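None of the values given here were measured: they were computed from a predicted structure.
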Amino acid sequence: MPQGQPSVVPDDGLTTRQRRNRPLVFVHTGIGKGKSTAAFGLALRAWNQGWPIGVFQFVKSAKWKVGEENALKVLGASGEGGTVAWHKMGEGWSWIQRAPAEGESTNEDKAREGWEQVKRDLAAETYKLYVLDEFAYPMHWGWIDVEEVVEVLRDRPGTQHVVITGRNAPQHLIDFADLVTDMSKVKHPMDAGQKGQRGIEW
């Protein structure tokens, strides 16, 4: 276990054990690769602890097959660890603008529907760990109100942990979160024209 002395001990009246076990909000942001990968690694730890896990993908298409989805679903169904529920909210890479067909929901509508489901699950304490994958984008684009997100997360009941991924995480969310990692890019093979690979990008 990591050791060290805290620079500040909060005057919050909590015991060390209470402070250790309090629910956390994580933000993985920045332009580097690995934000979602790190969140799914956290989900593996949660699965091993027997926690129920809810994954909500906010931007990737419902047809987009990520390797972690299959792996976590298999683990969740194995009966050896926690359960895993996987929800896909987006209908495609939302920065590619496309006019919706007649009667079709927009990406913005689907993102809002997804957030409403997250709020319901938080209120019901459905999961112990929530992975809100690419959720920083709908907030950055103004589709979902950051103030509301922070308020809902601040008031969530129980000991529910939430990890949010995506570039351009709003500053208000960063200020509120307990743990923030900014993934910076030093090099990437795509910079040299290499395409994404199976087992690396998906």
Side-chain angles (χ1 to χ4, degrees), residues 10 12 19 21-32 34-43 45-46 51-62 64 66 68-69 72 82 84-97 100 105-184:
D12 53 14
R19 194 173 297 113
N21 295 325
R22 69 187 182 85
L24 301 173
V25 172
F26 305 77
V27 173
H28 299 171
T29 193
I31 64 170
K35 298 177 286 293
S36 297
T37 304
F40 294 134
L42 187 64
R45 291 180 175 176
W51 295 359
I53 301 159
V55 178
F56 296 81
Q57 280 191 298
F58 276 86
V59 172
K60 296 182 176 75
S61 168
W64 186 259
V66 295
E68 295 94 342
E69 177 183 356
L72 283 167
V84 179
W86 200 286
H87 310 275
K88 297 181 181 182
M89 302 301 144
E91 76 156 19
W93 297 105
S94 300
W95 49 84
I96 299 174
Q97 297 302 316
S105 296
T106 66
N107 288 321
E108 182 174 354
D109 292 336
K110 291 185 178 184
R112 288 180 176 159
E113 289 169 14
W115 170 235
E116 290 302 317
Q117 183 60 52
V118 170
K119 290 196 295 184
R120 287 190 291 271
D121 283 329
L122 285 168
E125 299 183 58
T126 305
Y127 307 109
K128 177 83 170 180
L129 175 70
Y130 295 72
V131 177
L132 309 188
D133 190 35
E134 312 289 10
F135 189 49
Y137 287 105
M139 287 185 280
H140 175 68
W141 293 326
W143 294 356
I144 295 172
D145 182 60
V146 182
E147 299 283 343
E148 180 191 1
V149 171
V150 169
E151 181 181 351
V152 168
L153 295 179
R154 181 183 290 120
D155 296 339
R156 71 194 187 282
T159 55
Q160 302 176 94
H161 302 282
V162 180
V163 55
I164 295 170
T165 74
R167 296 185 182 195
N168 301 310
Q171 189 62 47
H172 186 41
L173 177 68
I174 288 172
D175 293 340
F176 167 73
D178 300 288
L179 186 154
V180 179
T181 299
D182 189 308
M183 306 280 191
S184 60

Can you see which heavy atom on I164 is nearest to which on A136, and at what distance? CG2-N, 4.0 Å

NE2 (H28) and OG1 (T181) are apart, to the nearest 0.5 Å, by 5.0 Å

I'd like to check T37 versus E68 (side-chain heavy atoms, cut-off strictly below 4.5 Å). Are they in contact? yes

Check E113 with K110, please: is the shortest side-chain N to carboxylate O separation under 4.0 Å? no

Would you say that L24 contacts L179 through its side chain, given a criterion of any heavy-atom pair below 4.5 Å between the two side chains? no

Distance-only donor-acceptor check, side chains T29 and D182, under 3.5 Å: no

Quick one, F135 and V162 - any side-chain contact, counting heavy atoms below 4.5 Å? no

A side-chain contact here means heavy atoms from C-beta on lying under 4.5 Å apart; do L153 and L122 qualify? yes

Would you check if the side chain of R45 reaches a backbone N or O of L42 as a donor-acceptor pair within less than 3.5 Å? no

Is there a side-chain contact between Q57 and E134 in this structure, where contact means two heavy atoms from C-beta onward sitting under 4.5 Å apart? no

Minimum heavy-atom separation for A123 and P157, please, with both atom names. O-CG, 4.0 Å

Stepwise, does the side-chain contact (heavy atoms from CB on, under 4.5 Å) test hold for F40 with E69? CA-CA 9 Å; F40 294 134; E69 177 183 356; over 6 Å; no

Within this structure, what is the OG1-CZ distance for the pair T126 and R120, rounded to the nearest 0.5 Å? 10.0 Å

Side-chain donor/acceptor of T159 to backbone N/O of R22, under 3.5 Å: no

Between H161 and the options Y127, W51, Y130, the side-chain contact (heavy atoms from CB on, under 4.5 Å) test singles out W51

Please check if atom CD in E151 has more than 12 non-hydrogen atoms from other residues, nucleotides or ligands closer than 6.0 Å. no

Looking only at non-hydrogen atoms, find the nearest pair between A111 and I144 and report the distance. O-CD1, 3.6 Å

Taking all heavy atoms of V131 and all of A43, pick out the closest pair and write down the distance. CG2-CB, 4.4 Å

Between NZ on residue K88 and CG on residue D133, distance to nearest 0.5 Å: 11.0 Å

Just wondering, do R167 and K35 contact through their side chains at under 4.5 Å, heavy atoms? yes

Within the distance-only criterion (no hydrogens, no angle test), does the side chain of H87 pair as donor or acceptor with the backbone N or O of F56 below 3.5 angstrom? no

Mind checking the CG-CH2 spacing from N168 to W141? Nearest 0.5 Å is all I need. 9.5 Å

Please determine if R112 and E108 form a salt bridge, counting it only when a charged side-chain N lies under 4.0 Å from a carboxylate O. yes

Are W143 and Y137 packed together at the side-chain level, in the sense that at least one heavy-atom pair is separated by less than 4.5 angstrom? no

Which atom of M139 lies closest to which atom of P170, heavy atoms considered: CB-CG, 3.7 Å

What's the shortest heavy-atom distance between V25 and F176, and which atoms? CG2-CE2, 3.8 Å

